[in-house]
Each structure stands twice: as C-alpha cells, then as structure tokens.
Amino acid sequence: MTKTVMVGKTALCGVLCLALVGGAHAWEPQRNVEFVVPYSAGGGSDINARMLVEAIRETDMVNRNILINNRPGGSGAVGNSYTYSQRGNGHIITTFNGGQMMSMLVNDASVQLDDLTPLATLSLDTLFVGVRAEGDIENLDDLIERAEQDPGGITVGGAGRGGEDHLAFAMLDNNLGVDFQYVPFDGTGDVTSALLGGHIDAAIFKLGSRVDQSMVRFLATYSEERLDAPFDEVPTFDELGYEGLELMIFRGYAGPPDMPEEAVEFWENVFRAAAETDKWTQEYVENNGLIPTFMGAEESAEYYQREQERYRVLFQEAGMID
C-alpha cells in the first residue's frame, strides 16, 4: 500500500511539474509590440488598428504597450517589406486586408502572401463611390453625365495602386460606359482630403474608413444588398442597373515569416477575445456597418489563399493583369 501511494505522488508530481514547465514557456510579449499599418494615418487600416488596440486593452491579455507604426508607400509594399524583414519576431503584427493582397498581385511585389504569417480575420468590408456632399453631383447619373461631357477628365481617387480601391475603380470604369481617370493616394485619409479640397471629382471609400456622410455623399455601394443604417439610403450598383459591381474585402492581421507557433497561438487568442469586446463589436463593427467574421490563423490562411485566386480572376477580367 505504501509503495502504491508513493508511486501515485510521484506521478502527480510529474504532471504538475510538466504543467509548470509548460506554463513557464507559454509565449507572451517581453517588450513593446509594434503594430504595423502599411498605409497613412487616418485611413481605414489605421482606424482599424487603433480601434483594435483599444479593444485589446479591454481584454487585459497583453501586458505590454502596442505601438502603431504607420509605414505607407507602394500600395502597402513598404509596410509589408518591413514586416517581412522582422522574420521570427513575435512582437511584430500588421494589418492585412484584401487590398494589400491585391496590390501584391497587381504590382508583382517582392513580398507575397506566402511570405507572411496569417494570424486572424475579424471582419468583412465593402466599398462605395462618393463625391463632395456640398457639390452639385447628387447621384450616379450626374457623375456619368460629367464623364460623358469630359471623357477621361473626371478624376476618381483611391488608396493605393493595385489594391481594392483600384479594382473598384476598374470595375466602375469598365461597366458604366464612360472613361474616368484614377488617382492613387497613400491612404484613405489623403483621398478624403483631396476630395474635400476639390482636387479630385470622386473617390472610392471603404466602410471601415469612417467617412463623415455630412461631408461626403455616397452615390453607390459595391455590397450585394443594401447595408444597415447609417448607410441604408445608399443604393447598390445592381439597384441602379449595373450588374456585377460587387466587391467584399476581408480585414485581417498577420505577422512576419517564421513567427513562433506559440506566438501565433497567443495572438490568435488575443484577437478572438478582442473581437468579443463591446469596444470592437459596438464602437467599431456596428458603427461602420462591417460584417463580424472571426477566423483563426489556420482558417485565415486557407481563406486568404482562396481569395487570392478570386482576386486574380477579377483583375484579369478588369484587364489589369494578364
């Protein structure tokens, strides 16, 4: 009996010791975290990252500061390259959305999807075409009439070249029967400033960009159906008689290549918890009409691969790649 009791204690000690060792080696940040945003401040990705940082604070899961690092340029390529250069670093995370992956394809960028480590996806976004609210273009027909009067002279701004804004423009240009001119900017904040300053005639916007509807009039949305308030008055292209102008993009997050598996698991859990906070669901997702869609690291990686092929086909149809 004594021998049996002693063996039991030894086995119990082994289990506890393994648990303690495992806990001691569980990954968590040991210094401040860099949250890379490959676009300029004030744009959709920047707002997304800053709201997510606030949501993460509510979870109390990250005991270090998370510092936003805007690295605009090259339609996301500058920020992507920086993240790639931090190989194996669990303290670097980046916004990764459909637009970034599109620009990788169109611009044949040096950093591609396989060069980053998907971590999670928290929502889906869609786009609009908009004009200055104080201008005299009141609907899509007005914009088309302007383009008919000045072929190639009506400018439409968007964030980046080869991303979702550029694709949305190409779909617009190829389906409305008139010619527009695309003007790329480093981010949606710059696009908005150019539009309000009268430097461009129209612009492509995303839901997550938080554009003030008192300053910008949305003429149409690329969503499949009408969105909820406050965007419920914006017609879809299909309603206006233009079929096939539908485009949804994902808003996800990634890390550098070779990120430790423990760090990937840590960030996946952090994003999952943040996605359930009121800060995220109510103040960001609901206020911007986004579609809450959580996918973990593995599911996101598979989803991104499928989306990459879908984007490739859309760009080929738009004549932007071979």
Side-chain angles (χ1 to χ4, degrees), residues 36 38-39 44-45 48 52 75-77 79-80 83-84 93-127 158-171 174-175 204 206-208 221-225 227 236-238 243-259 261 264-265 267-269 271-272 275 285 288-322:
V36 179
Y39 301 97
S45 292
N48 175 279
L52 183 56
S75 300
N80 294 338
T83 301
Y84 174 77
I93 57 177
T94 182
T95 58
F96 187 72
N97 60 44
Q100 280 170 258
M101 192 161 69
M102 290 177 190
S103 67
M104 289 174 173
L105 286 172
V106 175
N107 300 315
D108 192 24
S110 59
V111 176
Q112 293 288 326
L113 172 62
D114 292 340
D115 295 318
L116 299 176
T117 302
L119 299 174
T121 305
L122 270 63
S123 60
L124 297 178
D125 201 347
T126 192
L127 302 98
R161 185 179 296 280
E164 71 272 33
D165 289 16
H166 198 179
L167 176 58
F169 166 81
M171 295 169 71
N174 292 341
N175 286 275
I204 303 296
K206 290 174 282 293
L207 273 172
T221 173
Y222 289 79
S223 61
E224 297 178 1
E225 300 177 352
L227 301 165
T236 66
F237 279 104
D238 188 64
E243 298 181 359
L245 275 77
E246 299 169 354
L247 184 61
M248 300 293 290
I249 60 171
F250 63 84
R251 286 194 174 276
Y253 311 90
D258 299 332
M259 179 180 273
E261 291 184 9
V264 173
E265 182 178 2
W267 286 115
E268 179 181 348
N269 290 333
F271 290 137
R272 179 183 287 107
V285 173
N288 290 283
L290 300 177
I291 301 171
T293 308
F294 181 83
M295 289 180 276
E298 184 175 349
E299 187 178 2
S300 290
E302 295 172 354
Y303 177 74
Y304 296 166
Q305 289 288 347
R306 293 195 302 270
E307 286 296 279
Q308 180 175 246
E309 292 310 308
R310 186 173 74 89
Y311 294 153
R312 192 188 308 278
V313 171
L314 287 172
F315 278 119
Q316 288 172 338
E317 292 176 346
M320 296 175 66
I321 60 174
D322 296 328

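Counting begins at 1 with the first residue of the sequence.
- A 4.5 Å side-chain heavy-atom check between S45 and N97 finds at least one atom pair inside the cut-off.
- Taken from CD1 in I249 to CG in L167, the straight-line distance is 10.0 Å, to the nearest 0.5 Å.
- For the side-chain contact (heavy atoms from CB on, under 4.5 Å) criterion with E164, the lone passing option out of Q100, M102, M101 is M102.
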_For K206 and T126: C-alpha separation, side-chain torsions, deciding distance, then whether side-chain contact (heavy atoms from CB on, under 4.5 Å) applies._
CA-CA 6 Å; K206 290 174 282 293; T126 192; over 6 Å; no
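- Tested against T121, the residues Y304, Y303, Y253 include a single side-chain hydrogen bond (donor to acceptor under 3.5 Å, both in side chains) partner, Y304.
- For the pair Y222 (side chain) and A168 (backbone), a donor-acceptor distance under 3.5 Å is present.
- No donor-acceptor distance shorter than 3.5 angstrom exists from the side chain of S223 to the backbone of T221, with no hydrogens or angles considered.
- Interatomic distance, M295 CE to R272 CZ, rounded to the nearest 0.5 Å: 12.5 Å.
- Of all the heavy atoms in I93 and F271, the pair that sits closest is CD1-CZ, 4.2 Å.
- Interatomic distance, CD1 of I291 versus CZ of F250, reported as 14.5 Å (0.5 Å rounding).
- Of the inter-residue distances, the one linking L124 atom CG with T293 atom OG1 reads 3.5 Å to the nearest 0.5 angstrom.
- In this structure E265 satisfies the side-chain contact (heavy atoms from CB on, under 4.5 Å) test together with N269, sequence neighbours excluded.
- The heavy-atom pair separating E243 from N175 by the smallest distance is O-OD1, 4.3 Å.
- Taking each heavy atom of Q308 and L113 in turn, the nearest pair found is OE1-CB, 3.7 Å.
- In this model, a donor atom of one side chain and an acceptor atom of the other lie less than 3.5 Å apart for D114 and Q305.
- P118 is not listed as a side-chain neighbour of F96, based on a closest heavy-atom distance of 4.5 Å or more.
- The local environment of CD in Q316 is crowded, with over 12 non-hydrogen atoms from other residues, nucleotides or ligands closer than 6.0 Å.
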*What's the verdict on side-chain hydrogen bond (donor to acceptor under 3.5 Å, both in side chains) for T95 and N48, showing C-alpha distance, side-chain angles and the deciding distance?*
CA-CA 8 Å; T95 58; N48 175 279; over 6 Å; no
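- S103 places a side-chain N or O within donor-acceptor distance of the main-chain N or O of S75, the cut-off being under 3.5 Å.
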*Take N174 and E317 through the test side-chain contact (heavy atoms from CB on, under 4.5 Å) and record every step on the way to the result.*
CA-CA 10 Å; N174 292 341; E317 292 176 346; over 6 Å; no
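- The heavy-atom pair separating Y39 from G99 by the smallest distance is OH-C, 4.0 Å.
- The two atoms that bring S123 and L290 nearest to each other are OG-CD1, 3.9 Å, heavy atoms only.
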*Test log, rule side-chain contact (heavy atoms from CB on, under 4.5 Å), inputs L119 and M259*: CA-CA 10 Å; L119 299 174; M259 179 180 273; 3.7 Å; yes
*When you look at E224 and T236, which way does the side-chain contact (heavy atoms from CB on, under 4.5 Å) test go after all the steps?*
CA-CA 7 Å; E224 297 178 1; T236 66; over 6 Å; no
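- More than 12 heavy atoms of other residues, nucleotides or ligands lie within 6.0 Å of CD in E309, so this atom counts as buried by the packing criterion.
- Taking 4.5 Å as the limit, every side-chain heavy atom of F237 sits out of range of all side-chain heavy atoms of E246.
- Electrostatic pairing of D125 and R251 counts as a salt bridge here, judged by a charged N lying under 4.0 Å from a carboxylate O.
- Between P256 and T83, the closest side-chain pair of non-hydrogen atoms falls below 4.5 Å.
- Residues L116 and V111 meet the side-chain proximity criterion, which asks for heavy atoms closer than 4.5 Å.
- Taking every heavy atom of both residues into account, D115 and S110 meet most closely at OD2-O, 3.6 Å.
- Judged purely by atom type and a 3.5 angstrom limit, N107 has no side-chain atom pairing as donor or acceptor with the backbone of M104.
- Residues T117 and W267 fail the side-chain proximity criterion, which asks for heavy atoms closer than 4.5 Å.
- Looking only at side-chain heavy atoms (C-beta outward), L122 and P292 stay at 4.5 Å or farther from each other.
- Tested against L314 for a side-chain contact (heavy atoms from CB on, under 4.5 Å), the candidates L247, L105, I321 yield a single pass: L247.
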